[in-house]
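Report on the structure given below.
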Amino acid sequence: QVQLVESGGGSVQAGGSLRLSCAASAYTSTLNCMGWFRQAPGKEREGVAAIYPGSSSTYYADSVKDRFTISRDNGKNTISLQMNSLRPEDTAMYYCAAEHWDGSWSVLTTKGWRYWGQGTQVTVSS
């Protein structure tokens, strides 16, 4: 069983930056895709970014393109999310996810992801 642990959340003013990290308890070659999702109070969980190292591909929600950057350190079973130019609407609980991706489903939807972290809170004040 793979466990995912997020860290790096916190409070920041609009325009500021935060870096989230997600550490996997064990690496398995079958879990070839990892991603970040977020959920604000009263809203559905939404995809933020995903990374598929096999083809060095990254995927971003339109709302975070050019502001957020996802990266993966295979040697440490860790992914990170660098968040710049943060906005109040980025306020949410951020979750890390991992799964084996065969390209048949959208990585920016929650469907298909089996492994989830407990989440880390990000609060952006105006």
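- Between L31 and H100 the shortest heavy-atom distance is CD2-N, 3.7 Å.
- For the atom pair CD (E44) and CZ (R38), the distance works out to 14.0 Å, reported to the nearest 0.5 Å.
- The shortest heavy-atom contact between V48 and Y94 is CG2-CE2, 4.3 Å.
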Inset, instruction - Check the pair Q3 / W116 against side-chain contact (heavy atoms from CB on, under 4.5 Å), numbers first and verdict last. - result: CA-CA 8 Å; Q3 292 184 324; W116 294 88; over 6 Å; no
Inset, instruction - Would you please test L20 and M83 for side-chain contact (heavy atoms from CB on, under 4.5 Å) and show each step? - result: CA-CA 8 Å; L20 306 183; M83 305 185 296; 3.7 Å; yes
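- Within 6.0 Å of the CG atom in D66, the count of heavy atoms belonging to other residues, nucleotides or ligands does not exceed 12.
- Summarising the geometry of P88 relative to S126, their closest heavy-atom pair is CG-CB, 3.9 Å, with the distance given to 0.1 Å.
- In this structure, N84 CG and D90 CG are separated by 11.0 Å, a value rounded to the nearest 0.5 Å.
- Checked against a 6.0 Å centroid threshold, the rings of Y52 and W101 count as neighbours.
- For the atom pair Q82 CD and S71 OG, the distance stands at 8.5 Å (nearest 0.5 Å).
- Note that the OH atom of Y115 and the OG atom of S25 stand 10.0 Å from one another [nearest 0.5 Å].
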Inset, instruction - Apply the test salt bridge (charged side-chain N to carboxylate O under 4.0 Å, His left out) to residues D62 and K65: give CA-CA distance (whole Å), side-chain angles for both, the deciding distance (0.1 Å), then the verdict. - result: CA-CA 5 Å; D62 289 342; K65 278 181 183 177; 3.2 Å; yes
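- Judged purely by atom type and a 3.5 angstrom limit, W113 uses its side chain to pair as donor or acceptor with the backbone of V107.
- Figure legend: cation-pi geometry between R45 and Y95, with NZ or CZ positioned under 6.0 Å from the six-membered ring centre and within 45° of its axis.
- Here the straight-line distance linking atom CD1 of I79 with atom CG of L4 works out to 8.0 Å at 0.5 Å rounding.
- Nearest heavy atoms, M34 versus A98: CG-CB, 4.0 Å.
- Contact annotation: the side chain of T78 never approaches that of R72 to less than 4.5 Å [non-hydrogen atoms, C-beta and beyond].
- Once rounded to the nearest 0.5 Å, the distance linking CE of M93 with CD of E6 reads 9.0 Å.
- By the 4.5 Å heavy-atom criterion applied to side chains, F37 and L108 are not counted as neighbours.
- For the pair Q39/E46, no side-chain contact is recorded, criterion being any heavy-atom separation below 4.5 Å from C-beta on.
- The local environment of CD in Q13 is sparse, with at most 12 non-hydrogen atoms from other residues, nucleotides or ligands closer than 6.0 Å.
- Side chain of T120 to backbone of G9: a donor-acceptor contact under 3.5 angstrom is found.
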Inset, instruction - Apply the test side-chain contact (heavy atoms from CB on, under 4.5 Å) to residues T69 and L81: give CA-CA distance (whole Å), side-chain angles for both, the deciding distance (0.1 Å), then the verdict. - result: CA-CA 6 Å; T69 301; L81 185 69; over 6 Å; no
Legend entry - Residue pair I51, Y59: steps toward the side-chain contact (heavy atoms from CB on, under 4.5 Å) verdict: CA-CA 6 Å; I51 185 165; Y59 306 87; over 6 Å; no
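- For F68 and W36, the ring centers sit 6.0 Å or farther from each other.
- For S21 (side chain) and S7 (main-chain N/O), no donor-acceptor pair under 3.5 Å exists by modelled atom type.
- More than 12 heavy atoms of other shown residues, nucleotides or ligands fall within 6.0 angstrom of atom CD in E89.
- A heavy-atom distance below 4.5 Å is found between the side chains of V122 and L18.
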